[in-house]
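Right, one structure below, let's go through it.
Read the numbers this way: they start at 1 and go in the same order the structure lists the ligands and their atoms.
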Amino acid sequence: MGLIWDRAPISRAELVSASGLAPSSVTRLIQELGQSGLVRESGKGRSSGGRQPLLLEPDGSAGFVIGVDLSGTEMRAGSFDAANRQLHLTTERFVDVGPDAITSQIAAVVERVATSTGPDPRLIGIGLSVPGSVDTANGVVLESYLLRLVDVPLGRTLAVRFGVPVVLEHDASVAALAERFYGAGRGLDDLIYVLVANGIGSGILLGGHVYPGRSGRSGQLGHVIFERNGPLCVCGSQGCLEALAAGPAIAAHAGRMIDRRSATSIGGPVEPEVRTVVSEIVAAADAGDPIATSILSHSADYLALGIVSYVRLFDIEHVIVGGEVVEDSATYFSQLERSLDRYMGRLGTVTLCRGELRQGDHIRGLSRLTIEQSVRALLGITQTPAS
Ligand SMILES: [Zn+2]
């Protein structure tokens with residue numbers, strides 16, 4: 001079904017050949033989508049001998065979805081029509097975290113975005129991208145250390161409040177899907193996406209679908225332990241990759257260097273805002289500052305260990321890295337490539353690339369996922385693969 005969104009305008013014959021479904025199943029699906037107003041005819045395609053085939057495309061006027069992309073400090077909320085064109089976008093900082101505060105702030109932003117978009121067309125679904133592990137089937141955030149959520153039925157609460165399906169997904173899995181729909185992962189069915197920001201997470205796509213693991217906790221690369229007795233992590237363990245290499249670890253490392261009065265162009269005193277510190281280090285490293293370069297190399301080297309472990313375990317070739325720490329830094333990426341080369345040795349190959357989408361653009365992958373899941377719900381299709 002997603003093919004209509006990905007490859008529109010598309011003919012019925014093209015859908016049959018690309019999906020591998022029986023022609024009768026495709027015809028039935030097109031009829032149902034047409035009756036629900038979700039798909040419309042968009043003219044005629046080129047004939048390959050017989051009649052000109054009818055082309056189909058999603059009908060944007062059928063409704064809209066709202067996507068809310070949560071980071072550790074703010075949420076980006078947008079409405080998108082049923083053809084996944086952006087209608088409205090806003091970013092708001094969290095006033096507080098924890099179950100009640102997060103739930104009420106999300107509900108309020110959804111309300112505001114819905115009001116500025118609707119009532120015509122109608123809201124058909126809500127998607128939430130969460131920095132943490134989620135039980136997608138039951139709409140529960142299992143753990144989000146950054147948002148201080150444990151076993152919070154965020155999806156269920158919002159579904160009851162707004163009367164529409166709510167799609168909950170782990171932020172790195174959303175990033176993986178976004179790159180597959182619109183970025184560096186186009187055409188790839190199997191890939192790993194590694195997100196490096198305030199935390200480190202990863203999303204695994206197998207056969208084009210998110211691999212959630214048994215309980216929804218797959219891809220927790222940030223909480224794989226790489227240093228026995230290493231620095232304390234937000235999860236309570238010591239020496240996790242996240243505690244060694246994510247944004248706060250990079251900022252703390254810079255703070256120690258400045259305290260030691262090492263010769264660096266990184267300014268001091270270090271501001272408390274991690275994102276500001278990291279972008280300052282990234283800029284200094286790209287301008288040739290040796291201390292800033294060594295701070296980023298330290299993080300990139302740990303990340304390379306994580307990626308090599310992944311590639312060895314899953315035998316997957318394509319790895320996409322992204323997130324605030326990686327997306328603006330040529331230095332970080334080249335250090336990562338260097339370490340990866342070293343650790344991979346002659347055992348296998350990996351194709352590493354930087355995401356084509358910035359972290360702020362992942363919301364478009366979230367809305368695309370939400371449209372598909374909402375359409376499935378509207379048509380009563382119960383099986384819910386993530387793409
Ligand atoms: Zn941890």
Side-chain angles (χ1 to χ4, degrees), residues 70-74 94 97-99 102 129-136 140-152 154 168-176 192-204 210-256 272-275 277-278 281 295-314 319 321-326 332 336 339 343 359:
L70 311 173
S71 77
T73 52
E74 62 186 26
F94 292 127
V97 292
I102 291 291
S129 171
V130 181
S133 53
V134 296
D135 175 352
T136 305
V140 176
V141 177
L142 299 170
E143 297 101 17
S144 173
Y145 303 112
L146 296 175
L147 301 179
R148 278 191 245 131
L149 307 177
V150 177
D151 284 328
V152 177
L154 194 52
L168 219 58
E169 192 51 271
H170 173 213
D171 60 355
S173 299
V174 168
I192 305 286
Y193 183 97
V194 178
L195 183 78
V196 189
N198 259 350
I200 292 178
S202 68
I204 307 162
V210 172
Y211 171 71
R214 180 184 60 83
S215 64
R217 291 182 173 88
S218 73
Q220 294 204 40
L221 179 63
H223 301 291
V224 176
I225 295 170
F226 280 88
E227 287 285 355
R228 269 195 306 168
N229 307 317
L232 189 64
C233 180
V234 288
C235 74
S237 297
Q238 279 182 276
C240 293
L241 181 60
E242 184 165 311
L244 294 160
I250 293 172
H253 192 167
R256 291 195 296 276
E273 177 71 46
V274 166
R275 183 187 290 177
V277 180
V278 170
I281 296 164
I295 293 169
L296 290 188
S297 304
H298 185 81
S299 163
D301 197 64
Y302 275 114
L303 192 70
L305 284 176
I307 291 174
V308 169
S309 308
Y310 241 133
V311 172
R312 295 257 158 88
L313 291 169
F314 280 79
V319 178
V321 291
E324 284 162 2
V325 173
V326 183
Y332 193 99
L336 181 60
S339 292
Y343 295 131
Q359 202 172 337

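For the Zn ion (ligand 1), protein N, O or S atoms under 2.8 Å: 4 in total.
Q220 is listed as a side-chain neighbour of S133, based on a closest heavy-atom distance under 4.5 Å. Between L221 and I192, the closest side-chain pair of non-hydrogen atoms is not below 4.5 Å. Using a 4.5 Å cut-off on side-chain heavy atoms (C-beta onward), V319 and V194 make contact.
Under the side chain to side chain contact (heavy atoms under 4.5 Å, CB included) test applied with I200, the options L244, L241, V224, L195 reduce to a single match, L241. Among the candidates V141, V150, V152, the single residue satisfying the side chain to side chain contact (heavy atoms under 4.5 Å, CB included) test with P99 is V152.
Ring planes of Y310 and F314: tilted class, angle from 30 to 60°.
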